[in-house]
Each structure stands twice: as structure tokens, then as C-alpha cells.
Amino acid sequence: MFSTPPEVRGLNLDLQTRCLHYDSPLDIIAIKLKCCGHYYACKDCHEALVDHPIEPWPRSEWHTEAVLCGNCQSQLTITAYLQSNSRCPRCNACFNPACRNHHHFYFAVPESTR
Ligand SMILES: [Zn+2]
Ligand SMILES: [Zn+2]
Ligand SMILES: [Zn+2]
């Protein structure tokens, strides 16, 4: 099913959702933030553009499509993204494995698995 890619907000965005802060070849995902309901390239873009703190997604809502692959523009559920081994399950593009270190900003990851 084709749907129009969602709008992504951020600073110095490119077509694959890289931004001013994260612009390596692997930084191709955008994340929808629960607090605003909009996709942002990264949490630093969110911080630069709005004046409220990020609200992480509670585990009970991880079935929500909240991760956008900048390569194929498909939206993944949070669970699918977290289980993807840093590769898009649809187009096989590599995601930045270092994003893992930032997951707790976006998703309410249990303490023990951080
Ligand atoms: Zn927000
Ligand atoms: Zn950014
Ligand atoms: Zn993809």
C-alpha cells in the first residue's frame, strides 16, 4: 500500500532525513515524537524547534508506526525498528547502530536493557 511520506521536521534536512546534527551516510531515519505527533530528524532538532521536553513512547504503544526509513520512506513500528538489527526490514538499508545509545530518549526502554 503506497502512502505519501510524512513531513519530517529538522534543521538542514536532506532527502534521506539527515540533519545538521547527524549527517553520516547511516543517519537515515526520522522518528515521530509522541509529544508532538510529528517526525523529527533527531532529538536535537526537536529541541531546537520547540520548547518542551521529548516524551518517550511507552512500551504499550510500540506497535505505533513511529520510525521513518529515509531511504525507502516506509514507516516502521517501534518494535520492528528495535528488532531490525540496524537494517531496514523493507529496503535493507543500514541504519546507524550508534542510535541504540539514544533509544531511551525516544522510547521508554526498560532500565535493564539500556
Ligand atoms: Zn515535541
Ligand atoms: Zn538533528
Ligand atoms: Zn527502508
Side-chain angles (χ1 to χ4, degrees):
M1 195 177 69
F2 181 82
S3 58
T4 317
E7 177 203 356
V8 178
R9 300 182 177 184
L11 305 178
N12 292 9
L13 280 185
D14 78 3
L15 290 173
Q16 295 184 316
T17 80
R18 291 183 195 87
C19 69
L20 182 66
H21 312 98
Y22 297 95
D23 63 353
S24 87
L26 296 179
D27 286 310
I28 55 170
I29 62 161
I31 300 178
K32 188 192 276 184
L33 298 177
K34 182 173 169 56
C35 51
C36 317
H38 285 290
Y39 276 95
Y40 284 88
C42 80
K43 63 181 173 53
D44 298 325
C45 286
H46 176 266
E47 196 171 295
L49 294 170
V50 301
D51 59 1
H52 59 250
I54 280 191
E55 188 182 333
W57 290 93
R59 193 156 197 152
S60 57
E61 294 181 33
W62 285 8
H63 57 275
T64 308
E65 290 186 333
V67 177
L68 178 73
C69 171
N71 189 54
C72 67
Q73 309 290 321
S74 56
Q75 297 182 66
L76 312 177
T77 65
I78 295 165
T79 303
Y81 168 67
L82 292 176
Q83 293 174 348
S84 70
N85 261 330
S86 302
R87 267 178 184 272
C88 177
R90 310 247 168 93
C91 72
N92 227 25
C94 290
F95 301 148
N96 189 344
C99 283
R100 202 181 297 266
N101 302 324
H102 296 149
H103 283 170
H104 59 279
F105 290 114
Y106 306 102
F107 316 125
V109 181
E111 293 285 340
S112 58
T113 59
R114 270 186 201 173

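Just so you know, ligand 1 is whichever comes first in the structure, and atom 1 is the first atom listed for that ligand.
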CD (E47) with more than 12 external heavy atoms under 6.0 Å: no
Compute the ring centroids of H102 and Y22, then answer whether they are less than 6.0 Å apart. yes
Would you say that T64 contacts W57 through its side chain, given a criterion of any heavy-atom pair below 4.5 Å between the two side chains? yes
Considering all heavy atoms of both residues, which atom of Q73 and which atom of L15 are nearest to each other, and what is their separation? NE2-O, 3.6 Å
Taking S24's backbone N and O only, do any of them form a donor-acceptor pair with R18's side chain (distance below 3.5 Å, no angle check)? yes
How is the N/O/S atom of H21 that comes nearest to the Zn ion (ligand 2) named? ND1
May I ask you to check if any N/O/S atom from H46 comes under 2.8 Å of the Zn ion (ligand 1)? yes
Angle subtended at the Zn ion (ligand 2) by SG of C42 and SG of C45, nearest 10°: 120°
What lies under 2.8 Å from the Zn ion (ligand 3), restricted to protein N/O/S atoms, is C69 SG, C72 SG, C88 SG, C91 SG
Quick one: pull up CZ in R90 and SG in C72 and give me the separation to the nearest 0.5 Å. 7.0 Å
At what distance, to the nearest 0.5 angstrom, does SG of C42 lie from CZ of R9? 14.5 Å
Check: H52 and H46 side chains under 4.5 Å, non-hydrogen atoms: yes
Angle in degrees, rounded to 10°, that SG of C36 and SG of C35 form at the Zn ion (ligand 1): 120°
